[in-house]
Enquirer: 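Quick one: the structure is below, and I'll ask about it shortly.
Side-chain atoms are counted along with the backbone in the values below, which use heavy atoms only and exclude waters and symmetry mates. Proteins get letters first, then strands, A, B, ... in listed order; numbering begins at 1 in each. Just so it is clear, the model here is predicted, and its values are computed rather than measured.
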There are 2 protein chains.
Amino acid sequence: MSLKHSLLVLLADNPATGYDLSQQFKGSVGFFWNASHQQVYKELKQMTEAGWLACDTQAQTERPDKKIYSVTQAGQAALQAWLSQAAKPHKYKDAFLIKLYGGRHIPRPALVKELDEHIAHHKKTLHKLLEIESEYHALSHSQQKKFELPYLTLKLGISNERNWLDWAQETREALNA
Amino acid sequence: MSLKHSLLVLLADNPATGYDLSQQFKGSVGFFWNASHQQVYKELKQMTEAGWLACDTQAQTERPDKKIYSVTQAGQAALQAWLSQAAKPHKYKDAFLIKLYGGRHIPRPALVKELDEHIAHHKKTLHKLLEIESEYHALSHSQQKKFELPYLTLKLGISNERNWLDWAQETREALNA
DNA sequence: TCCAACATGTAACATGTTACATGATTCA
DNA sequence: TGAATCATGTAACATGTTACATGTTGGA
């Protein structure tokens, strides 16, 4: 159920379109949740039918109409209900680690090559997160206060990526030894 | 598709029952993949129908018969095919971080309380992983060599948990400030 | 002239979760 | 006497992925 609740949290800050929300999942929010645009549109439809969201359609001549969603009182209540229950501990799933675990079935160089690809990807992610962090640091104190909690999640993202990269470096050496 | 491939990797090491495999997901393997027992039995059935697994039924008088699965040649081929393609980068999903991100909707003490619960859970996980690590260290050199790759995944699990706990401690202080 | 960004979806399929179901053994 | 472990599943439901579908604008 958490996609619905992620959307509620995002929409509680700012009414937005399905497209906007999908973009947020590609940015910093994507560090802890994400979904394809198809899935987002599907959920928004369901949530609107359930009365959690109101939809304001803005006609556009040259592009598909924009549908701006905002949280209703029922949506607020649903969010509160969800927030008041403890979240289940997060479960990590990483296909690359299965490969590494069963690495004896693949030639070493192939394993190292794939590790390198993942390293490149994680470096890119880290840079993106660090950019977002420097934008945060450039804000005024009052603005920083406003984004205090999102910033805490960003910090986990950053240290997670750093930790992963450190491990990957060691692992790379171990594989080549 | 990765549950099927996790099962192939595990079964390539040792033929096992659905129950055994489910138990492995509760142990160290659970750090990077997991599934409910229902899901495991479902997949084993499908994989057997697809010819990837052979099933040897051991009759037991007092308990349900044990079904011991092993990888067939077709299963080996499927595993190889999967291993030869790059895995997609892992996507992190953590409902607690959504809550933290949208933490302004909850009273601070409630947020801290839930953080504490997660801290307790992560500490437990870390201890479990450290226990497995000390079992590994107690092995002979030749045995250690055999479990070299699984050990690398374990090391990521351990540093990940430590990193999470460090972040959680800082976050706890920031929330109480 | 082609690619990325904007903006929305449907349909088919794959995967995962929750509730229910059975029943013996062993340890506290 | 009650809970945990062993051992297997079915059925209903929820969620997520992949392929397909449409069409404009603005920049390299």
Enquirer: Does a donor on one side chain and an acceptor on the other come within less than 3.5 Å for His127(A) and Glu131(A)?
Expert: no

Enquirer: For the helix from dT1(C)-dA28(D) to dA28(C)-dT1(D), what angle lies between the axis at the first five pairs and the axis at the last five pairs, to 10 degrees?
Expert: 50°

Enquirer: Could you state the atom-to-atom distance from NZ of Lys66(B) to C1' of dT5(D) in whole Å?
Expert: 13 Å

Enquirer: Taking atom NE2 of His137(A) as the centre, does the number of heavy atoms from other residues, nucleotides or ligands within less than 6.0 Å exceed 12?
Expert: yes

Enquirer: So, is Lys88(A) near the phosphate of dT17(C), with a side-chain N or O under 4.0 Å from OP1 or OP2?
Expert: no

Enquirer: Only one of Glu133(A), Lys146(A), Lys145(A) passes side chain to side chain donor-acceptor pair (under 3.5 Å) with Tyr151(A); say which it is.
Expert: Glu133(A)

Enquirer: Who are the ring pair (Phe, Tyr, Trp, His ring centres under 6.0 Å) partners of Trp164(A), not counting sequence neighbours?
Expert: His122(A), Trp167(A)

Enquirer: Taking side chain to side chain contact (heavy atoms under 4.5 Å, CB included) as the criterion, tell me which of Leu7(B), Leu3(B), Thr72(B) meets it with Met47(B).
Expert: Leu7(B)

Enquirer: Is it true that Phe147(A) and Tyr136(A) have ring centroids separated by less than 6.0 Å?
Expert: no

Enquirer: Provide, to the nearest angstrom, the distance between the CE atom belonging to Met47(B) and the P atom belonging to dT15(C).
Expert: 11 Å

Enquirer: Can you tell which of Ile68(B), Asp56(B), Val71(B) makes a side chain to side chain contact (heavy atoms under 4.5 Å, CB included) with Pro15(B)?
Expert: Ile68(B)

Enquirer: What's the CD-C1' distance between Gln39(A) and dT15(D), to the nearest Å?
Expert: 6 Å

Enquirer: Let me know the distance between CD of Gln58(B) and P of dA7(D), rounded to the nearest Å.
Expert: 10 Å

Enquirer: If I take atom CD in residue Glu43(A) and atom P in nucleotide dG9(C), what distance separates them, rounded to the nearest angstrom?
Expert: 14 Å

Enquirer: Linking Ile, Leu, Val, Met, Phe, Trp and Tyr by side-chain heavy atoms under 4.5 Å, what else ends up with Tyr19(B)?
Expert: Tyr41(B)

Enquirer: Please give me every residue in residues 5-30 of chain A whose heavy atoms get under 4.0 Å of an atom in DNA chain D, ordered by residue number.
Expert: none

Enquirer: Which residue, Ser2(A) or Tyr69(B), contacts DNA chain D at a nucleotide closer to its 5' end, judged by nearest heavy atom?
Expert: Tyr69(B)

Enquirer: Over all strands shown, is Lys93(B) touching base, sugar-phosphate only, or nothing at heavy-atom distances under 4.0 angstrom?
Expert: sugar-phosphate

Enquirer: Give me, pair by pair, the N or O atoms of the protein and of nucleotides 10-14 of chain C that are less than 3.5 Å apart, along with how far apart they are.
Expert:
none

Enquirer: Are more than 12 heavy atoms from other residues, nucleotides or ligands located less than 6.0 Å from atom CD of Gln73(B)?
Expert: no

Enquirer: Take the angle between the ring planes of Tyr92(B) and Phe31(A) and call it parallel below 30°, perpendicular above 60°, tilted in between.
Expert: parallel

Enquirer: Please collect all salt bridge (Lys or Arg N to Asp or Glu O under 4.0 Å) contacts where either partner lies in residues 22-50 of chain A, sequence neighbours excluded, each pair once.
Expert: Lys4(A)-Glu43(A)

